[in-house]
There are 2 protein chains.
Amino acid sequence: MTQTRPGGRTARTRAAVLTATVDELIETGYAGLSMESVAHRAGVHKATVYRRWGTLEGLLVDALTFFADQSVPTPDTGDIDGDLRELARSALAVLADRTGQALVRAMVSAGHHSQVAQVIRAFWADHTTMVAEIVARAVRRGELPPDTRPADVSRAIGAPLYMRLLVTAEPLDSAAADQAAAAVAAAARAGVFASS
Amino acid sequence: MTQTRPGGRTARTRAAVLTATVDELIETGYAGLSMESVAHRAGVHKATVYRRWGTLEGLLVDALTFFADQSVPTPDTGDIDGDLRELARSALAVLADRTGQALVRAMVSAGHHSQVAQVIRAFWADHTTMVAEIVARAVRRGELPPDTRPADVSRAIGAPLYMRLLVTAEPLDSAAADQAAAAVAAAARAGVFASS
DNA sequence: ATCTGATGCGACGAATCGTTGCATTAAGGG
DNA sequence: CCCTTAATGCAACGATTCGTCGCATCAGAT
């Protein structure tokens, strides 16, 4: 029976290596990431990193699961505009943070790898579930068309913010988040995200 | 006096190398791009590539200017909805094409390099100028609020499409483009992109 | 036809990569 | 407390890649 040892040194090593991974991502990006530099920054021998994670992709996937554990509660402000604004500001909190930026950029750079793609799909599936709840309440209140697609709303909230981070390199401030929320609200009310 | 020779072999070499660059980007992405593989695919010695372009960044910048020369005429369909739909479909044409995808992904991966960032800024400045013309006409027709910000409209059109390409890996079809255009139209009409 | 910029060619030192065998450390059970 | 054995440290390695160099050759341009 092969025993595994989750506690003590193993956990310390994992935390050190994954923290070092993010710090390296912040400084050099995924393109400049190397197993050896991560190991050195973590104060760990490179053979350890190779044995535990194997590849850069494995390192990134573990880092993503390690740092993305904190789940945000579903907003419920009483109207769709407030809920969408809360969602946009949650997204902003991640995308304006150095760690969040580094991880998102790395996800994009490594998005073609199957395991990374799986993490991305899982994230957006969760996000869509959250949005579905908000949309359902808005429909009940008569604020939105009954056949409004949660997935479309989910993507539309984040799109302007990801655009700023990844493409145009424009500032990520609360004004941007609020504008994103307002744009989605207007479009959703107009039935742009309705299936019929 | 140092002479430069733009014609004949020089131009052929440039075309071969830049085409090879894009083909490599399509196959391996910017992360997997190397001067040597580009040279080999172009049927050119690697020293030539190093001498002419120096770095991967230089190669990418030249490839971007080489393939992004075709300018699109400003749409003028008679109403803002039609114009925005045309704009979105033009963006779709680029983002749905293998070459366009490869170049956009590379731009994102190398966006931190100053010259690449400069190309990106120039592109969006041009795009904003085009949108400004469309918005001005729409304002004259009374379709949009007078203080609608062209830059915001410009980004909002592309955002859902870039989101699909870079983040969620969802299909880039005409339905996506039309939805993006409709969402922007609704938001713009509601005054979300107005400065006041 | 001549001049000269551009390219081809091969080789090089340097750096990086991923692996391997063995010694050492420390977690976890008795 | 001791023992077993994961987990890690360590050093070295062959392989590969990287960027540069000197020199020979090719082909525009005049």
Side-chain angles (χ1 to χ4, degrees), chain A residues 1-21 23-25 27-63 65-66 106 109-110 112-116, chain B residues 1-21 23-25 27-63 65-66 106 109-110 113 115-116:
Chain A
M1 203 51 163
T2 301
Q3 293 279 358
T4 179
R5 296 179 173 177
R9 187 168 60 162
T10 298
R12 271 201 310 279
T13 298
R14 186 167 103 106
V17 169
L18 297 185
T19 301
T21 299
D23 289 341
E24 282 286 310
L25 282 177
E27 282 190 13
T28 68
Y30 188 74
L33 195 67
S34 82
M35 304 287 267
E36 200 151 2
S37 59
V38 168
H40 182 261
R41 182 189 283 261
V44 156
H45 199 266
K46 69 169 179 173
T48 299
V49 181
Y50 277 108
R51 284 191 276 243
R52 283 265 287 267
W53 288 275
T55 65
L56 287 175
E57 175 191 1
L59 209 48
L60 176 59
V61 169
D62 201 23
T65 63
F66 188 72
S109 295
H112 53 100
H113 287 284
S114 56
Q115 298 192 49
V116 177
Chain B
M1 207 47 160
T2 301
Q3 294 280 355
T4 177
R5 295 179 174 177
R9 187 168 60 161
T10 298
R12 273 200 310 278
T13 298
R14 185 167 103 107
V17 169
L18 297 185
T19 301
T21 300
D23 289 341
E24 283 286 311
L25 282 177
E27 283 189 13
T28 68
Y30 187 75
L33 195 67
S34 82
M35 304 287 266
E36 199 153 3
S37 59
V38 167
H40 182 261
R41 182 189 283 261
V44 155
H45 198 267
K46 70 169 179 172
T48 299
V49 180
Y50 275 109
R51 283 191 277 242
R52 284 266 286 269
W53 288 276
T55 64
L56 287 175
E57 174 191 1
L59 208 49
L60 176 59
V61 169
D62 201 23
T65 63
F66 188 72
S109 295
H113 287 285
Q115 298 192 50
V116 176

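Note on naming: letters A, B, ... go to the chains in the order of the sequence lines (proteins, then strands), and numbering restarts at 1 for each one. In this text the structure is predicted, and so the values were computed from the model without any measurement.
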With sequence neighbours left out, write down each residue that passes side chain to side chain contact (heavy atoms under 4.5 Å, CB included) with A:Glu27, or none if nothing qualifies.
-> A:Arg41
Could you check how far [atom1] of [X] sits from [atom2] of [N], rounded to whole Å?
X       : N      : atom1 : atom2 : answer
A:Arg51 : C:dC22 : CZ    : P     : 14 Å
A:Tyr50 : C:dT16 : OH    : P     : 12 Å
A:Arg14 : D:dT8  : CZ    : P     : 12 Å
B:Lys46 : D:dC18 : NZ    : C1'   : 6 Å

Using heavy atoms and a sub-4.0 Å distance, could you list which residues of residues 52-60 of chain B are near DNA chain C? By number, please.
->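 Heavy-atom contacts with DNA chain C come from B:Arg52.
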Pick the nucleotide of DNA chain C nearest each of A:His45 and A:Glu36; which residue has the one closer to the 5' end?
-> A:Glu36
Is any side-chain heavy atom of [Y] closer than 4.5 Å to one of [X]?
X       : Y       : answer
B:Lys46 : B:Met35 : no
B:Phe66 : B:Val17 : no
B:Leu33 : B:Leu25 : yes
B:Arg52 : B:Thr13 : yes
A:Ser34 : A:Glu24 : no

Using the C1' atoms of five pairs at each end, what's the angle between the two axes of the helix from C:dA1-D:dT30 to C:dG30-D:dC1, to 10 degrees?
-> 40°
Does [X] have a side-chain nitrogen or oxygen under 4.0 Å from the phosphate oxygens OP1 or OP2 of [N]?
X       : N     : answer
B:Thr48 : C:dG8 : yes
A:Arg12 : D:dT8 : no
A:Thr10 : D:dA6 : no

At their closest point, which heavy atom of A:Ala39 faces which heavy atom of A:Val49, and how far apart are they?
-> CB-CG2, 3.6 Å
If you take all heavy atoms of A:Gly58 and A:Trp53, which pair is closest and at what distance?
-> O-CD1, 3.8 Å
Quiz item: A:Arg9 side-chain donor-acceptor pair to C:dT25 base, under 3.5 Å |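 By the distance-only test, yes, there is a pair.
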Count the heavy atoms belonging to other residues, nucleotides or ligands that lie under 6.0 Å from NE2 of A:His40, then report whether that count exceeds 12.
-> no
